[in-house]
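The structure that follows is given in the form of C-alpha coordinates.
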Amino acid sequence: CASAEIWPFANRLAKKNKILEVLFEDVKFMDKNWANKFVSDAITLGAKCILVIGGFPCKGLSKARGKNRENLKNTDSILYYEATRILELVRQAAGRRIVVKHVIENVIMDEYPENIISEYLAGRPTKIPAGLVCAANRDRIFWLDFTISPGPGERLEQGTKHNVLH
(Lines give C-alpha, C1' and ligand atoms only; values in the text may rest on other atoms or scores of the structure.)
Protein backbone atom coordinates (compact mmCIF):
# COMPACT_ATOMS: atom_id res chain seq x y z
CA CYS A 1 0.00 0.00 0.00
CA ALA A 2 1.24 3.51 -0.74
CA SER A 3 -0.07 7.01 -0.29
CA ALA A 4 0.95 10.52 -1.21
CA GLU A 5 -0.12 13.23 1.19
CA ILE A 6 1.50 16.60 1.69
CA TRP A 7 -0.46 17.39 4.86
CA PRO A 8 1.85 16.47 7.80
CA PHE A 9 -1.05 15.72 10.18
CA ALA A 10 -2.44 13.03 7.86
CA ASN A 11 1.00 11.39 7.59
CA ARG A 12 1.49 11.47 11.38
CA LEU A 13 -1.95 9.93 11.85
CA ALA A 14 -1.18 7.12 9.37
CA LYS A 15 2.10 6.38 11.18
CA LYS A 16 0.43 6.51 14.60
CA ASN A 17 -2.24 4.05 13.45
CA LYS A 18 0.46 1.79 11.98
CA ILE A 19 -1.07 1.81 8.53
CA LEU A 20 1.18 -0.41 6.46
CA GLU A 21 1.98 1.86 3.58
CA VAL A 22 4.81 3.75 2.01
CA LEU A 23 4.14 7.43 2.70
CA PHE A 24 5.17 9.93 0.07
CA GLU A 25 4.97 13.61 0.98
CA ASP A 26 4.91 14.55 -2.68
CA VAL A 27 3.06 12.55 -5.30
CA LYS A 28 5.70 13.51 -7.84
CA PHE A 29 8.16 11.14 -6.13
CA MET A 30 6.01 8.13 -7.09
CA ASP A 31 7.95 6.96 -10.13
CA LYS A 32 8.41 3.95 -12.41
CA ASN A 33 10.67 2.18 -9.88
CA TRP A 34 8.04 2.62 -7.17
CA ALA A 35 5.29 1.31 -9.50
CA ASN A 36 7.31 -1.76 -10.48
CA LYS A 37 7.99 -2.64 -6.83
CA PHE A 38 4.40 -1.89 -5.81
CA VAL A 39 2.98 -4.22 -8.48
CA SER A 40 5.54 -6.95 -7.76
CA ASP A 41 4.75 -6.79 -4.04
CA ALA A 42 0.99 -6.97 -4.72
CA ILE A 43 1.46 -10.05 -6.89
CA THR A 44 3.77 -11.69 -4.32
CA LEU A 45 1.14 -11.09 -1.63
CA GLY A 46 -1.47 -12.83 -3.78
CA ALA A 47 -3.54 -9.80 -4.77
CA LYS A 48 -6.12 -10.48 -7.47
CA CYS A 49 -6.51 -6.81 -8.39
CA ILE A 50 -4.89 -3.45 -7.69
CA LEU A 51 -7.29 -0.61 -6.91
CA VAL A 52 -5.79 2.84 -7.39
CA ILE A 53 -7.79 5.31 -5.29
CA GLY A 54 -7.14 9.00 -5.39
CA GLY A 55 -8.33 12.51 -5.37
CA PHE A 56 -6.76 15.86 -6.05
CA PRO A 57 -7.24 19.33 -4.57
CA CYS A 58 -10.53 20.94 -5.54
CA LYS A 59 -9.54 24.57 -4.81
CA GLY A 60 -9.69 25.67 -8.43
CA LEU A 61 -12.71 23.53 -9.31
CA SER A 62 -15.17 24.01 -6.46
CA LYS A 63 -18.26 26.02 -7.32
CA ALA A 64 -18.16 27.27 -3.72
CA ARG A 65 -15.28 29.56 -4.82
CA GLY A 66 -17.59 31.64 -7.01
CA LYS A 67 -17.55 32.54 -10.69
CA ASN A 68 -13.86 33.50 -10.92
CA ARG A 69 -12.41 30.08 -10.08
CA GLU A 70 -9.32 29.01 -11.98
CA ASN A 71 -10.51 25.45 -12.72
CA LEU A 72 -7.60 23.36 -14.00
CA LYS A 73 -5.26 26.36 -14.18
CA ASN A 74 -5.11 26.31 -10.36
CA THR A 75 -1.71 25.06 -9.19
CA ASP A 76 -3.37 22.58 -6.77
CA SER A 77 -6.17 21.31 -9.00
CA ILE A 78 -3.72 20.61 -11.82
CA LEU A 79 -2.57 17.65 -9.69
CA TYR A 80 -5.26 15.58 -11.43
CA TYR A 81 -2.53 14.98 -14.03
CA GLU A 82 -0.56 13.24 -11.27
CA ALA A 83 -3.48 10.89 -10.57
CA THR A 84 -3.59 9.87 -14.22
CA ARG A 85 0.23 9.60 -14.35
CA ILE A 86 0.32 7.25 -11.36
CA LEU A 87 -2.53 5.18 -12.75
CA GLU A 88 -0.63 4.79 -16.02
CA LEU A 89 2.61 3.87 -14.18
CA VAL A 90 0.81 1.13 -12.26
CA ARG A 91 -0.93 -0.17 -15.39
CA GLN A 92 2.37 -0.30 -17.29
CA ALA A 93 4.07 -2.12 -14.40
CA ALA A 94 1.17 -4.57 -14.13
CA GLY A 95 1.01 -5.40 -17.82
CA ARG A 96 -1.22 -8.46 -18.11
CA ARG A 97 -0.07 -9.94 -14.80
CA ILE A 98 -2.77 -8.34 -12.63
CA VAL A 99 -5.92 -6.28 -13.17
CA VAL A 100 -5.69 -2.57 -12.28
CA LYS A 101 -8.85 -0.55 -11.55
CA HIS A 102 -9.35 3.01 -10.30
CA VAL A 103 -11.53 5.32 -8.23
CA ILE A 104 -10.74 9.03 -8.61
CA GLU A 105 -12.82 11.55 -6.65
CA ASN A 106 -13.50 15.28 -6.70
CA VAL A 107 -16.19 17.95 -6.35
CA ILE A 108 -19.06 18.75 -8.68
CA MET A 109 -17.40 21.11 -11.16
CA ASP A 110 -17.95 23.00 -14.38
CA GLU A 111 -18.51 20.95 -17.52
CA TYR A 112 -15.25 21.95 -19.24
CA PRO A 113 -12.77 20.66 -16.59
CA GLU A 114 -14.97 17.62 -15.94
CA ASN A 115 -14.85 16.72 -19.65
CA ILE A 116 -11.05 17.06 -19.74
CA ILE A 117 -10.66 14.83 -16.68
CA SER A 118 -13.18 12.35 -18.09
CA GLU A 119 -11.16 12.16 -21.30
CA TYR A 120 -7.96 11.40 -19.38
CA LEU A 121 -9.72 8.77 -17.27
CA ALA A 122 -11.61 7.30 -20.24
CA GLY A 123 -15.10 7.51 -18.78
CA ARG A 124 -17.76 9.69 -17.28
CA PRO A 125 -18.08 10.10 -13.53
CA THR A 126 -20.75 8.87 -11.15
CA LYS A 127 -22.29 11.46 -8.83
CA ILE A 128 -22.62 10.06 -5.32
CA PRO A 129 -23.92 11.81 -2.19
CA ALA A 130 -20.69 11.69 -0.17
CA GLY A 131 -22.62 11.35 3.09
CA LEU A 132 -23.15 7.71 2.06
CA VAL A 133 -19.41 6.99 2.15
CA CYS A 134 -17.74 9.65 4.34
CA ALA A 135 -18.32 12.51 6.79
CA ALA A 136 -18.76 15.14 4.04
CA ASN A 137 -22.45 15.73 3.41
CA ARG A 138 -22.30 16.95 -0.17
CA ASP A 139 -22.34 15.40 -3.61
CA ARG A 140 -19.01 14.33 -5.09
CA ILE A 141 -18.13 12.80 -8.43
CA PHE A 142 -16.18 9.58 -8.77
CA TRP A 143 -14.52 8.31 -11.94
CA LEU A 144 -14.65 4.52 -11.81
CA ASP A 145 -13.57 2.01 -14.41
CA PHE A 146 -15.87 -0.70 -13.10
CA THR A 147 -19.60 -1.03 -12.57
CA ILE A 148 -21.03 -0.26 -9.16
CA SER A 149 -24.08 -2.04 -7.80
CA PRO A 150 -26.55 0.00 -5.77
CA GLY A 151 -27.12 -1.16 -2.22
CA PRO A 152 -30.52 -1.80 -0.64
CA GLY A 153 -32.77 1.24 -1.11
CA GLU A 154 -30.41 2.83 -3.67
CA ARG A 155 -30.69 3.11 -7.43
CA LEU A 156 -28.17 3.96 -10.13
CA GLU A 157 -29.43 6.27 -12.85
CA GLN A 158 -27.54 6.22 -16.15
CA GLY A 159 -27.25 9.85 -17.26
CA THR A 160 -25.82 11.54 -20.31
CA LYS A 161 -23.37 13.67 -18.29
CA HIS A 162 -23.04 11.64 -15.09
CA ASN A 163 -24.32 8.43 -13.70
CA VAL A 164 -26.08 9.25 -10.43
CA LEU A 165 -26.37 7.07 -7.35
CA HIS A 166 -29.56 7.90 -5.43
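The figures here come from the full heavy-atom set of this structure, side chains too, leaving out hydrogens, waters and symmetry mates.
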Worksheet item: Mind checking whether Tyr81 and Phe56 have side chains closer than 4.5 Å, heavy atoms only?
Response: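 In short, these two side chains do not touch, never coming nearer than 4.5 Å.
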
Worksheet item: Heavy atoms, side chains only, cut-off 4.5 Å: are Arg69 and Asn74 in contact?
Response: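 Result no, sub-4.5 Å side-chain heavy-atom pair not found.
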
Practice prompt. Indicate yes or no: at least one non-hydrogen side-chain atom of Ile104 is less than 4.5 angstrom from one of Thr84.
Written response: no

Fill in: Test item: Glu82 side-chain N/O and Leu79 main-chain N/O as donor-acceptor pair under 3.5 Å
no

Worksheet item: For Ile116, which of Leu121, Leu72, Asn71 qualifies under side chain to side chain contact (heavy atoms under 4.5 Å, CB included)?
Response: Leu72

Item to complete: Kindly compute the distance separating CG (Asn163) from CG (Leu144), expressed to the nearest 0.5 Å.
Response: 8.5 Å

Worksheet entry | Pairwise side-chain contact, Phe38 with Ile50, heavy-atom cut-off 4.5 Å (strictly under) |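 Answer yes - side chains close enough.
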
Worksheet item: Should Arg97 and Ile43 be marked as a side-chain contact (heavy atoms from CB on, under 4.5 Å) after you check the CA-CA gap, both sets of side-chain angles, and the distance that decides it?
Response: CA-CA 8 Å; Arg97 299 180 299 156; Ile43 292 168; 3.7 Å; yes

Fill in: Flag, side chain of Asp110 to backbone of Tyr112, donor-acceptor distance under 3.5 Å
no

Worksheet item: So among Arg91, Arg85, Gln92, which one has a side chain to side chain donor-acceptor pair (under 3.5 Å) with Glu88?
Response: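 That would be Gln92.
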
Practice prompt. Could you tell me the separation between the CD1 atom of Ile141 and the CE atom of Met109, rounded to the nearest 0.5 Å?
Written response: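 Taking CD1 in Ile141 and CE in Met109, the distance rounds to 4.0 Å.
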
Worksheet entry | Ser40 backbone acceptor or donor facing Thr44 side chain under 3.5 Å | yes

Worksheet item: So do Lys63 and Val107 actually touch side chain to side chain, heavy atoms under 4.5 Å?
Response: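 A side-chain contact is absent here, since even the closest heavy-atom pair is not under 4.5 Å.
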
Discussion item. I'd like to know if Leu87 and Trp34 are part of one continuous hydrophobic network [Ile/Leu/Val/Met/Phe/Trp/Tyr, side-chain heavy atoms within less than 4.5 Å].
Written reply: yes

Discussion item. Quick one: does any side-chain atom of Ser77 pair with a main-chain N or O of Pro57 as donor and acceptor, under 3.5 Å?
Written reply: yes

Discussion item. Counting neighbours of CD on Glu119 that are heavy atoms of other residues, nucleotides or ligands and sit closer than 6.0 Å, is the number greater than 12?
Written reply: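 Result for CD/Glu119: open.
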
Worksheet item: Is the count of non-hydrogen atoms from other residues, nucleotides or ligands lying under 6.0 Å from Lys28 atom NZ greater than 12?
Response: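 Counting neighbours around NZ of Lys28, 12 or fewer heavy atoms of other residues, nucleotides or ligands fall under 6.0 Å, so no.
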
Worksheet item: Where the side chain of Arg124 meets the backbone of Gly159, is there a donor-acceptor pair that is under 3.5 Å apart?
Response: yes

Worksheet item: Any sub-3.5 Å donor-acceptor pair from Arg65's side-chain atoms to Gly60's backbone N or O?
Response: no

Worksheet item: For atom NZ of Lys161, is the number of surrounding heavy atoms from other residues, nucleotides or ligands below 6.0 Å larger than 12?
Response: yes

Practice prompt. Take atom CD of Glu111 as the centre, draw a 6.0 Å sphere, and report whether it contains more than 12 heavy atoms from other residues, nucleotides or ligands.
Written response: no

Discussion item. Could you go through Val164 and Arg155, starting from their C-alpha distance and side-chain angles, then the distance that decides it, and tell me whether this counts as side-chain contact (heavy atoms from CB on, under 4.5 Å)?
Written reply: CA-CA 8 Å; Val164 182; Arg155 66 182 172 82; over 6 Å; no

Worksheet item: Is Leu61 close to Tyr80 at the side-chain level, that is, under 4.5 Å between some pair of heavy atoms?
Response: no

